[in-house]
J.: 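Questions regarding the structure given below will be posed in turn.
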Protein chains: 2
Amino acid sequence: MMNKNKYNPTESELEVLKILWTKGPSTVQTVNDELNKSKEVGYTTTLKIMQIMSDKGLVNRTKAGRKHIYNALVNQHAAQKILLEKVLDTAFSGSAMNLVMHALGNTRTSKHELNQIKQLIEKLEREQND
Amino acid sequence: MMNKNKYNPTESELEVLKILWTKGPSTVQTVNDELNKSKEVGYTTTLKIMQIMSDKGLVNRTKAGRKHIYNALVNQHAAQKILLEKVLDTAFSGSAMNLVMHALGNTRTSKHELNQIKQLIEKLEREQND
DNA sequence: CCTCAATTACGAAACTTTTCGTAATTAGCT
DNA sequence: AGCTAATTACGAAAAGTTTCGTAATTGAGG
């Protein structure tokens, strides 16, 4: 029931985190360039957001020459878990099955991947008895 | 890649939608009572949010006596799809498998449900060839 | 048809997020 | 050391969200 999660990254913050997760520690410049591949956003806007994230403890930064190198402090897996729980709770009324069915139904998933999921399911089935 | 989704319900709006989805067309009173089961929120606050949702076209309303009956205009399945896509894109880099593994790994899912998912997977496997 | 309790409308305050202009600082180069 | 381009800091405006007090409206019962 409760939803007392620590992180509540905003939309913009999540976009930045996503970039830091995939590209690793980066400068504002790098992040801004990456953001601009999908939408126009000013350098100082990105800078500000990353500074705020630093204040909030979502990232840390170290000086390297005149630049700052930003690093995600939020673990990607933890964030995935939290975001998933949120969607699960608000949109799918807590039904993981429902969510999984949706996810599989709406995206193309390769046979290999389907097989991996099936193996996980079989493992889960072996581990429980209800 | 693109993310040009029509709906961007806020946190509060999603909570209201969730209630309308499960309880069907409802008055502000009903929704507010329901909200207050999990958090304290004033009547006029709920009213205002629902009025804004009406302005945005997320719900419509019809007069019934002195009350208004609010009805979700956002289809639950459509919303689920959009929210899922968003999480999928931002947190799981688009990998449905990854998301599914997380979802199944972190929640308790009954054997019956696991079986249903397995059947879907087998159906999907039959339908494709890669 | 009058009253009153319930409901809705209005508006504004507090807060957060997003955006960016401009000033200050910094490191690299000559 | 001094200049310049890059970078960061500062601050504030604009937009959106959340909250709620108070006024206006409404319908049901007497």
Side-chain angles (χ1 to χ4, degrees), chain A residues 3-20 25-71 74 79 83 86 90, chain B residues 3-20 25-71 74 79 83 86 90:
Chain A
N3 201 10
K4 231 2 179 317
N5 287 325
K6 198 165 47 207
Y7 325 125
N8 241 54
T10 67
E11 209 68 19
S12 304
E13 288 170 351
L14 253 184
E15 289 177 310
V16 171
L17 282 177
K18 181 184 169 188
I19 291 170
L20 293 181
S26 311
T27 63
V28 174
Q29 194 63 255
T30 305
V31 172
N32 186 243
D33 287 350
E34 203 61 29
L35 284 177
N36 273 278
K37 286 181 182 171
S38 51
K39 67 167 183 178
E40 195 173 314
V41 55
Y43 181 92
T44 48
T45 302
T46 302
L47 171 64
K48 185 66 164 190
I49 287 171
M50 293 174 74
Q51 285 172 340
I52 291 174
M53 291 174 77
S54 179
D55 290 347
K56 290 186 182 173
L58 296 175
V59 300
N60 66 4
R61 54 184 202 174
T62 56
K63 287 193 77 162
R66 91 183 96 181
K67 313 177 174 184
H68 280 154
I69 307 234
Y70 286 78
N71 192 11
V74 181
L83 292 174
K86 189 150 82 182
T90 57
Chain B
N3 201 8
K4 227 12 175 315
N5 287 326
K6 200 166 46 208
Y7 324 124
N8 240 53
T10 67
E11 210 67 19
S12 304
E13 288 170 350
L14 254 182
E15 289 177 310
V16 171
L17 283 177
K18 182 183 170 187
I19 291 170
L20 293 181
S26 311
T27 63
V28 175
Q29 194 63 256
T30 306
V31 172
N32 187 243
D33 287 350
E34 202 62 30
L35 284 177
N36 273 278
K37 287 181 182 171
S38 50
K39 67 168 183 179
E40 195 173 313
V41 55
Y43 182 92
T44 48
T45 301
T46 302
L47 171 65
K48 184 67 163 189
I49 287 171
M50 293 174 75
Q51 285 172 340
I52 290 174
M53 291 174 76
S54 178
D55 290 345
K56 289 187 183 174
L58 295 174
V59 300
N60 67 4
R61 54 185 203 173
T62 57
K63 286 192 78 161
R66 87 184 99 181
K67 313 178 175 186
H68 280 155
I69 307 235
Y70 287 77
N71 192 10
V74 181
L83 292 173
K86 189 149 83 181
T90 57

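Quick note on labels: first sequence line is chain A, next is B, and so on, each numbered from 1.
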J.: Kindly compute the distance separating CG (A/Leu83) from CG (A/Leu14), expressed to the nearest 0.5 Å.
T.: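 It is 5.5 Å, given to the nearest 0.5 Å.
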
J.: Where does the chain B footprint on DNA chain C start and end, counting 5' to 3' with a 4.0 Å heavy-atom cut-off?
T.: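 Answer, 5' to 3': C/dA5 to C/dA12.
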
J.: For A/Glu15 and A/Ile19: C-alpha separation, side-chain torsions, deciding distance, then whether side-chain contact (heavy atoms from CB on, under 4.5 Å) applies.
T.: CA-CA 6 Å; A/Glu15 289 177 310; A/Ile19 291 170; 5.6 Å; no

J.: Using a strict 4.0 Å threshold on nitrogen-to-oxygen distance, state whether A/Glu34 and A/Lys18 make a salt bridge.
T.: no

J.: Rounded to the Å, how far apart are B/Arg66 CZ and D/dA24 P?
T.: 19 Å

J.: Distance from A/Thr30 atom OG1 to A/Ile69 atom CD1, nearest 0.5 Å?
T.: 8.0 Å

J.: Which distance, rounded to the nearest 0.5 Å, do you find between the CE of A/Met53 and the OG1 of A/Thr10?
T.: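 Here the rounded value is 7.5 Å.
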
J.: May I ask you to evaluate whether A/Gln29 reaches the phosphate of D/dA6, defined as a side-chain N or O under 4.0 Å from OP1 or OP2?
T.: no

J.: Please test B/His68 against B/Gln51 for side-chain contact (heavy atoms from CB on, under 4.5 Å), starting from the C-alpha separation and ending with a verdict.
T.: CA-CA 10 Å; B/His68 280 155; B/Gln51 285 172 340; over 6 Å; no

J.: How long is the line joining CG of B/Leu47 and C1' of D/dA24, in whole Å?
T.: 13 Å

J.: Search all heavy atoms of B/Met50 against all heavy atoms of B/Val16 and return the closest pair with its distance.
T.: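 The pair with the smallest heavy-atom distance is CG-CG1, 4.0 Å.
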
J.: Reading nucleotides 13-19 of chain D from the 5' end, what letters show protein touch, with B for base, S for backbone sugar-phosphate only, - for no heavy atom under 4.0 Å?
T.: ----SBB

J.: Could you report the tightest heavy-atom contact between A/Tyr70 and A/Val59, atom names first, then the distance?
T.: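 Distance-wise, the nearest heavy atoms are CD2-CG2, 3.8 Å.
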
